[in-house]
Amino acid sequence: MSLNRQEKAIVIEEVTTQVAKAQSIVVAEYRGLDVASVTVLRKTARESGVYLRVLKNSLARRAVAGTPFEALSAQLTGPLIYGISQDPVSAAKVLAAFSKTNEKLVIKAGALPNSLLTVDGVKALATMPSREELLAKLLGTMQAPIVQFVRTLNEVPTKFVRGLAAVRDQKQAA
């Protein structure tokens with residue numbers, strides 16, 4: 001079913017707003033995927049905060065025109081599904097993980113602002129930790145010295161109590 005001119009303008013506007021907020025776009029060919037698989041992919045993408053959409057390539061070209069993702073326009077051929085995310089690695093992680101279990105989903109390209117990614121680049125991006133993982137590691141690193149200091153302070157009274165318990169046990173045994 002084709003869209004009329006007004007419907008196309010609405011779709012372009014919707015995608016343009018998503019692209020304006022995006023940190024990455026990943027494009028994959030979905031030829032041969034059944035509806036159940038696409039539904040699972042959409043659910044996974046939604047849980048990860050990835051905007052996933054099947055678009056006509058001409059509409060996608062118009063949506064990315066004049067944005068930092070304009071270099072992606074040359075890669076838009078064939079039946080494609082677009083993963084757009086505000087986190088630079090989320091879209092790559094979702095589509096790369098799904099393509100490992102479904103050989104019919106083939107990653108074609110990706111883009112970060114002002115840079116085009118190849119298939120290998122998208123897969124490398126998918127192996128990077130997400131923003132939440134990096135923040136958790138940073139917080140753990142920042143807490144480590146404080147935790148160690150508290151443990152050290154706690155050892156003094158603990159050793160004193162152990163010494164007293166040893167003296168008590170020694171007197172009770174005698």
Distance in Å, [X] [atom1] paired with [Y] [atom2], rounded so as to fall on 0.5 Å steps:
| X | Y | atom1 | atom2 | value |
| --- | --- | --- | --- | --- |
| Leu117 | Leu72 | CG | CG | 9.0 Å |
| Leu135 | Glu133 | CG | CD | 10.5 Å |
| Ser99 | Lys104 | OG | NZ | 14.5 Å |
| Leu153 | Gln148 | CG | CD | 10.5 Å |
| Leu41 | Leu52 | CG | CG | 5.0 Å |
| Tyr51 | Thr17 | OH | OG1 | 7.0 Å |

Is [X] linked to [Y] within one hydrophobic cluster, defined over Ile, Leu, Val, Met, Phe, Trp and Tyr using a side-chain heavy-atom separation of less than 4.5 Å?
| X | Y | value |
| --- | --- | --- |
| Phe69 | Val26 | no |
| Val50 | Ile81 | yes |
| Val11 | Ile25 | yes |
| Leu116 | Val122 | no |
| Val94 | Leu112 | yes |

Minimum heavy-atom distance between [X] and [Y], given as atom pair plus value:
| X | Y | value |
| --- | --- | --- |
| Leu55 | Ala60 | CD1-CB, 4.2 Å |
| Ile84 | Ala22 | CG2-CB, 3.4 Å |
| Pro129 | Leu134 | CG-CD2, 3.6 Å |
| Asp87 | Glu132 | OD2-OE1, 4.3 Å |

Gln170, CD: over 12 other non-hydrogen atoms inside 6.0 angstrom:
no
For Gln6, look at atom CD and say whether over 12 heavy atoms of other residues, nucleotides or ligands are found less than 6.0 Å away.
no
What pairs meet the salt bridge (Lys or Arg N to Asp or Glu O under 4.0 Å) rule with one or both residues in residues 60-71, with sequence neighbours excluded?
none
Does any pair with a residue in residues 13-33 pass salt bridge (Lys or Arg N to Asp or Glu O under 4.0 Å), and if so which ones, sequence neighbours excluded?
Glu14-Arg53, Glu29-Arg31, Glu29-Lys108
Checking [X] side chain against [Y] main chain: does a donor-acceptor pair fall under 3.5 Å?
| X | Y | answer |
| --- | --- | --- |
| Lys159 | Asn154 | no |
| Asn57 | Gly78 | yes |
| Asn102 | Leu105 | no |
| Ser37 | Leu33 | no |

Just wondering, do [Y] and [X] contact through their side chains at under 4.5 Å, heavy atoms?
| X | Y | result |
| --- | --- | --- |
| Tyr82 | Val19 | no |
| Val15 | Leu59 | no |
| Arg168 | Leu164 | no |
| Arg42 | Val54 | yes |

Using a strict threshold of under 4.0 Å (side-chain N to carboxylate O), is an ion pair present between Lys43 and Glu47?
yes
Ser85: which of Ser48, Ser24, Ser90 passes side-chain hydrogen bond (donor to acceptor under 3.5 Å, both in side chains)
Ser24
